[in-house]
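First up is the structure itself, then whatever we jot down about it.
The basis for the numbers below is simple: all heavy atoms, side chains too, and nothing from hydrogens, waters or symmetry mates.
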Amino acid sequence: MTPPRPHPVRSIVLALVVLALDAALLAIGLGDASMLVRDPRALALLLVWGAAGVVLALLRPVRGQDVAASSPDPPVMIALFVLPLAAAPL
């Protein structure tokens, strides 16, 4: 049995809370909230993030994923994680 879906208004509000956090982090990255308001690219980015967040919050997958078998990640995945971290200081 599937759990009940959350109310759409709740999903939209939570998506907007996440968007506010994204906007705060972007404002910190730009240096100030006034820089965020003055930069049209930053506003466009927030608009796209907001629209995508609301759409993804409202649209749930049609059905769950049926996992037939699960296997652990191979050691190559560890190398793919570690190599970029090790290469950054170089």
Side-chain angles (χ1 to χ4, degrees):
M1 179 165 231
T2 60
R5 293 180 62 152
H7 196 272
V9 174
R10 181 175 183 258
S11 297
I12 292 172
V13 168
L14 289 175
L16 293 177
V17 166
V18 171
L19 180 64
L21 176 65
D22 290 338
L25 291 173
L26 186 58
I28 291 170
L30 289 174
D32 191 6
S34 64
M35 295 296 291
L36 176 67
V37 176
R38 282 190 247 146
D39 190 2
R41 293 178 300 172
L43 293 176
L45 180 65
L46 286 174
L47 180 71
V48 169
W49 279 349
V54 169
V55 168
L56 290 174
L58 292 176
L59 297 178
R60 301 286 181 180
V62 177
R63 60 182 175 86
Q65 180 180 1
D66 296 330
V67 178
S70 178
S71 62
D73 288 334
V76 173
M77 295 301 289
I78 295 172
L80 288 174
F81 174 72
V82 172
L83 286 176
L85 295 175
L90 300 177

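Closest approach of Ala15 and Ala57 over heavy atoms only: CB-CB, 4.1 Å. Here the closest non-hydrogen pair linking Ser11 and Leu58 is CB-CD2, 4.4 Å.
Val13 and Trp49 fall into different hydrophobic clusters, where Ile, Leu, Val, Met, Phe, Trp and Tyr side chains are chained together by heavy-atom contacts under 4.5 Å. Clustering ILVMFWY residues whenever any of their side-chain heavy atoms sit less than 4.5 angstrom apart, transitively, puts Leu26 in the very cluster that holds Leu16. Both Ile12 and Leu19 belong to a single network of hydrophobic side chains, linked directly or stepwise wherever heavy atoms of I, L, V, M, F, W or Y lie under 4.5 Å apart.
Among residues two or more places apart in sequence or in another chain, the salt bridge (Lys or Arg N to Asp or Glu O under 4.0 Å) test is passed with Asp39 by Arg41. Arg38 meets the side-chain hydrogen bond (donor to acceptor under 3.5 Å, both in side chains) test with Ser34; sequence neighbours excluded. Applying the side-chain contact (heavy atoms from CB on, under 4.5 Å) rule to Val82 yields the partners Ile78; only residues at least two apart in sequence or on another chain are considered.
Atom CG of Leu36 and atom CG of Leu43 lie 6.0 Å apart (nearest 0.5 Å).
By the 4.5 Å heavy-atom criterion applied to side chains, Val76 and Leu80 are counted as neighbours.
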